[in-house]
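Heads up: the structure comes next, in structure tokens.
Whatever order the structure lists them in is the order used to number ligands and atoms, beginning at 1.
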Amino acid sequence: MELIKVIEQHAPFVALIQLNRPKELNAINRQLMEELRDTLLHLDKNDNVRVIILTGNDQAFAAGADIKQMADKSAIDMVMVDQFSTWDQIRKTKKPIIAAVSGFALGGGCELAMTCDMIIASETAKFGQPEIKLGTIPGAGGTQRLTKAIGKVKAMELILTGRFISAEEALSDGLVNKVVPIEMYLFEATQLAKEIAQMSPVAVQLAKEAVNRSFETVLDEGLAFERKNFYLTFASEDQKEGMKAFIEKRKPEYKGK
Ligand code: CAA
């Protein structure tokens, strides 16, 4: 059984990936993550895709890493299999990924959403890192990304208690971009994706790279990186088209070149 479904042309230049283990609340096992990695690699190379949406279903984005698959493993099993290394592909994807989250986004599910570039949430979404209740800790970026997203004291509280937060709280904490009624979350994510897909894919990629660099470096180096990417856009046809279209008072047509 395929554990993810893919629609390559969900909207113009927008692909949709849906996690598809509904009975297990989209618990993330190795197969699911391997399929997701392979799909992202494929979509990243497809010129007809400029933005990717990652979603689950109304009940669950993902309720975490698959506890049943991990429960009996030894530390050495975990090291040798190193299943979380598959997750690196999400972060390495050059095109923007929008998480469209409804229901549970817990543990690895919250981490998966946070590894995406933006999060649109339904009013029913619940975020949390409940690993502490299982006698373990987040292992796919939760201690780092949640802390960067909502600050140390809130992240510490959530990670040490395993409590969930509502979509509204996630919005006021800065974890998500927008909260909408449940029937609108995929539509809203699609609108956002379509808007970004109209921009130069070259500029979008270079901008994403520069924003992400801010998490990994000091200001001086980050500014130098940004400046180089800015100058690099001037090697693209899209930059010429964008500025020409502005001057000619028309809509630009970007080619991703
Ligand atoms: N792993 C494996 N199976 C899971 C799962 C998970 N993370 N989350 C839910 N399921 C399964 C349940 O076992 C259940 O299966 P069965 O019908 O075969 O018993 C099915 O999904 C439905 O779940 P519930 O009956 O529990 O549904 P509920 O509505 O009563 O509760 C819930 C929903 C609060 C999300 C609850 O399922 C839950 O607490 N899930 C675990 C959440 C969690 O601890 N996640 C962290 C996992 S560890 C991790 O993610 C490590 C990391 O950093 C990567």
Please go through L232's hydrophobic cluster and name the other residues, only I, L, V, M, F, W, Y counting, with side-chain heavy atoms under 4.5 Å joining them. V202, L206
Where do A100 and L186 come nearest, in terms of heavy atoms and distance? CB-CD1, 4.1 Å
Ligand 1: which residues have a non-hydrogen atom closer than 4.0 Å? K23, E24, L25, A27, A63, G64, A65, D66, I67, K68, M70, F84, F104, L106, G107, G108, E111, P130, E131, L134, P138, G139, A140
Do we see a donor-acceptor contact under 3.5 Å between the side chains of Q31 and E35? yes
Carboxylate-amine/guanidinium proximity below 4.0 Å for E157 and R163: yes
So, K244 and E248, do they make that salt bridge, N to O below 4.0 Å? yes
Under 3.5 Å, is there a donor-acceptor pair linking the side chains of N48 and Q9? no
